[in-house]
Number of protein chains: 2
Amino acid sequence: MENQKLGSQTFCPGTPPAIIGYGSAVGGKEREGPLGPCFDHVSQDDTFGEKSWEKAESKMQSLALDAALKRAGLHTVDLDLLLAGDLLNQCIGSSFAARTAAVPYLGLYGACSTMGESLALAALLLGGGYGRHAAAVTSSHFCSAERQYRNPLEYGSQRTPTAQWTATASGAVVLEAGGTGPRVPCVTIGKVRDKGIQDANNMGAAMAPAAYDTLKAHFEDTGRSPDYYDLIVTGDLGYLGRQIVTDFFAKDGVTLDNYNDCGLILFHRKEQDVHCGASGCGCSAAVLTAYLLPGLEKGLWRRVLFCPTGALLSPTSTMQGESIPGVCHAVVLEGGN
Amino acid sequence: MENQKLGSQTFCPGTPPAIIGYGSAVGGKEREGPLGPCFDHVSQDDTFGEKSWEKAESKMQSLALDAALKRAGLHTVDLDLLLAGDLLNQCIGSSFAARTAAVPYLGLYGACSTMGESLALAALLLGGGYGRHAAAVTSSHFCSAERQYRNPLEYGSQRTPTAQWTATASGAVVLEAGGTGPRVPCVTIGKVRDKGIQDANNMGAAMAPAAYDTLKAHFEDTGRSPDYYDLIVTGDLGYLGRQIVTDFFAKDGVTLDNYNDCGLILFHRKEQDVHCGASGCGCSAAVLTAYLLPGLEKGLWRRVLFCPTGALLSPTSTMQGESIPGVCHAVVLEGGN
């Protein structure tokens with residue numbers, strides 16, 4: 001079958017690449033969540049042995065990628081492309097990690113949608129005949145993100161009820177053209193959506209319209225209904241954002257029975273006091289690599305629609321009174337061989 | 001011919017997409033440079049009628065994209081993909097411009113290499129059969145960049161001799177699968193290189209090793225020598241960086257006779273007091289859309305190797321004493337039909 005575009009936003013490699021390796025690295029709080037035993041690397045003090053939070057974030061990316069390569073039975077030299085991004089200004093978490101990899105590098109910025117964007121692009125490029133192996137990597141770190149987006153940790157700022165907790169986590173995925181493992185048969189690339197939400201402590205509400213928009217486009221483009229999938233996972237909308245997406249579909253007369261959000265999977269929301277749930281590029285990346293991909297391999301689900309969401313704001317845009325644009329990319333993951 | 005990977009870093013669409021439209025928007029200083037009469041939009045006061053420098057940068061992107069679409073005889077609704085990036089924290093220049101476009105959006109971060117990265121990815125995706133039209137857009141703005149990377153303009157900080165002047169400029173390119181116009185038959189994706197330069201006022205020296213590395217890989221992968229091209233253009237290395245690349249090749253016994261740098265093309269370097277030359281994502285984007293592509297159409301050159309370079313630092317990494325990683329992507333542009 002040939003590569004093709006379906007409908008308005010969905011792109012399908014004729015020969016879907018397979019995910020042959022995945023890896024994760026997380027902090028202490030993530031270790032205490034429901035997925036605790038599933039991660040490859042844990043740093044109890046979140047430093048990963050480094051002297052700054054930014055370096056710790058780069059180290060997480062390297063550890064996650066190493067674990068993914070190990071599972072794939074490959075080395076960095078076997079990679080044709082490395083696609084990575086994070087939340088830090090100028091994406092230094094990714095570019096400083098890429099220094100040590102020495103692989104052709106494509107830096108991405110999709111905020112917390114980056115795991116979807118990198119995975120989608122890697123699948124399309126390999127499906128397009130451009131090389132054999134590609135890696136998709138993202139990360140976020142609670143301490144580097146809090147300092148950059150909100151306040152220094154030492155300030156002890158109180159969090160609003162709609163706030164989410166930025167995950168200290170990195171996930172890496174290695175794909176192979178025509179390999180064996182969970183496949184990526186199609187992806188839906190999202191449009192930037194902005195419904196005027198201005199509260200930077202309510203990312204779920206800001207990103208929900210983008211998630212709804214991309215999911216709707218995906219169902220229209222493919223002619224599928226939500227029950228085609230065993231599991232639909234957005235991320236990181238959290239408690240409120242997930243409710244908004246559910247409400248939007250309910251207004252269309254569509255019930256989402258099989259729908260969850262990465263922001264609600266990573267932590268014990270109430271016990272771990274994370275308010276609306278987890279967030280950050282690393283949230284969906286960690287849920288993908290510690291929960292979804294192992295589950296697909298074990299046959300827990302056969303078809304998963306993985307839809308990371310990103311809030312494309314900056315502290316400057318917020319201070320200038322701007323509303324928050326959101327984006328969401330949907331990636332189809334199919335188990336079995 | 002099939003899509004393929006050549007050597008270690010070069011990727012070639014079997015049916016090279018064509019550039020069917022291009023557009024540019026620049027500030028007053030750029031208007032006074034050698035390419036002054038060639039731009040589509042100019043704002044003498046650099047505000048583009050907006051209230052903040054960040055909004056002015058987004059506006060530039062919209063104007064450049066509109067001009068490119070107009071030249072292509074298309075509307076935004078005809079675009080299958082929009083690939084964009086800039087230098088601002090969280091790339092708000094691009095994502096806020098993408099709000100109005102409503103096109104499937106892929107945000108990129110390659111610092112000043114982003115015009116190369118976006119053009120390369122657009123060509124590979126269209127060549128891969130994923131849609132018919134894609135746009136690649138980047139921008140930089142002197143005022144938003146100075147405030148973010150260095151000092152507020154009002155501070156009047158003195159510039160070192162190795163400093164470059166961030167261009168207030170945006171360039172947009174529209175590609176068509178199998179269209180008519182300058183073609184993109186192959187691209188070389190760069191690796192991140194870091195030779196230990198720590199001076200954030202000497203970006204040319206920091207990025208030159210990446211440019212040398214990508215050019216060398218391109219020649220090895222394709223079996224071509226530099227004289228295969230009528231023109232090789234890096235960007236934005238400036239005066240010092242260009243000299244370093246020339247020296248590196250001289251040590252290999254290779255003379256680059258047909259080599260220039262976008263940072264030396266955009267301004268009258270001495271008369272306009274820009275020290276080592278122009279820089280910023282918008283520098284190579286403006287030179288591409290106002291000089292290289294029109295020149296290819298007119299038959300001034302037949303084969304151009306366009307190699308934007310990026311310094312992947314942030315103010316935080318500099319303050320933490322880190323060296324500056326660089327990256328360079330090479331895009332082959334062929335005129336004629």
Side-chain angles (χ1 to χ4, degrees), chain A residues 2-5 8-9 11-14 51-52 54-55 80-81 85 87-92 94-96 98-99 101-111 114 117 120-121 124-125 127-132 148 188-194 310 312-317 320 322 325 327, chain B residues 2-5 8-9 11-14 51-52 54-55 80-81 85 87-92 94-96 98-99 101-111 117 120-121 124-125 127-132 148 188-194 310 312-317 320 322 325 327 329:
Chain A
E2 293 220 331
N3 299 339
Q4 60 176 320
K5 186 185 174 201
S8 64
Q9 299 176 234
F11 302 86
C12 310
K51 285 183 180 169
S52 74
E54 289 74 18
K55 287 187 184 180
D80 297 299
L81 287 166
L87 294 172
L88 295 179
N89 295 344
Q90 289 71 56
C91 300
I92 53 169
S94 304
S95 49
F96 280 75
R99 281 197 296 196
V103 174
Y105 175 73
L106 294 163
L108 308 177
Y109 187 77
T114 307
E117 185 183 356
L121 269 172
L124 294 180
L125 291 169
Y130 305 112
R132 187 157 176 225
Q148 180 180 284
T188 300
I189 304 297
K191 299 176 181 177
V192 176
R193 292 298 179 197
D194 188 336
L312 302 169
L313 80 171
S314 84
T316 304
S317 67
Q320 291 180 354
E322 272 290 343
V327 74
Chain B
E2 294 220 331
N3 300 337
Q4 59 175 321
K5 185 184 173 201
S8 65
Q9 297 176 234
F11 302 86
C12 309
K51 286 184 179 167
S52 74
E54 289 74 17
K55 286 187 185 181
D80 297 300
L81 287 166
L87 293 172
L88 295 178
N89 295 343
Q90 288 73 56
C91 300
I92 53 169
S94 304
S95 48
F96 280 76
R99 280 198 297 196
V103 174
Y105 174 73
L106 294 164
L108 308 177
Y109 186 77
E117 185 183 355
L121 269 172
L124 294 181
L125 290 169
Y130 305 113
R132 187 158 178 225
Q148 179 180 285
T188 300
I189 304 297
K191 298 176 181 177
V192 176
R193 293 295 179 199
D194 188 335
L312 302 169
L313 81 171
S314 84
T316 304
S317 68
Q320 291 179 355
E322 272 291 343
V327 74
H329 304 297

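To find a chain, count down the sequence lines: A is the first, B the second, and so on, and within it residues start at 1.
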Could you check which of [options] has the highest count of heavy-atom pairs closer than 4.5 Å to chain B?
{"options": "A/Gly131, A/Ala120, A/Ser95", "value": "A/Ser95"}
{"options": "A/Cys12, A/Gly85, A/Ser314, A/Cys91", "value": "A/Ser314"}
{"options": "A/Gln320, A/Gln148, A/Gln9", "value": "A/Gln320"}
{"options": "A/Gly110, A/Pro104, A/Pro13", "value": "A/Pro104"}

Would you indicate whether the side-chain heavy atoms of [Y] and [X] approach each other to under 4.5 Å?
{"X": "B/Gln90", "Y": "A/Gln90", "result": "no"}
{"X": "B/Arg99", "Y": "A/Arg193", "result": "no"}
{"X": "B/Leu81", "Y": "A/Ile189", "result": "yes"}

Segment of [X] engaging chain A (4.5 angstrom heavy-atom cut-off):
{"X": "B/Leu87", "answer": "backbone"}
{"X": "B/Leu313", "answer": "backbone"}
{"X": "B/Ser8", "answer": "backbone"}

Worksheet item: Given a strict heavy-atom distance threshold of 4.5 Å, which part of A/Ala98 is in contact with chain B: side chain, backbone, both, or neither?
Response: both

Fill in: A/Lys191: salt bridge (charged side-chain N to carboxylate O under 4.0 Å, His left out) partners, not counting sequence neighbours
none

Worksheet item: Can you name the salt bridge (charged side-chain N to carboxylate O under 4.0 Å, His left out) partners of A/Arg132, sequence neighbours left out?
Response: A/Glu176

Discussion item. Looking at B/Glu54 and A/Thr316, would you say the former's side chain and the latter's main chain have a donor-acceptor pair under 3.5 Å?
Written reply: no

Worksheet item: Which one of B/Leu125, B/Val327, B/Asp80 has the most heavy-atom pairs closer than 4.5 Å to chain A?
Response: B/Asp80

Practice prompt. Give the minimum heavy-atom separation between A/Tyr105 and B/Leu312, together with the two atoms involved.
Written response: CE2-CD1, 4.4 Å

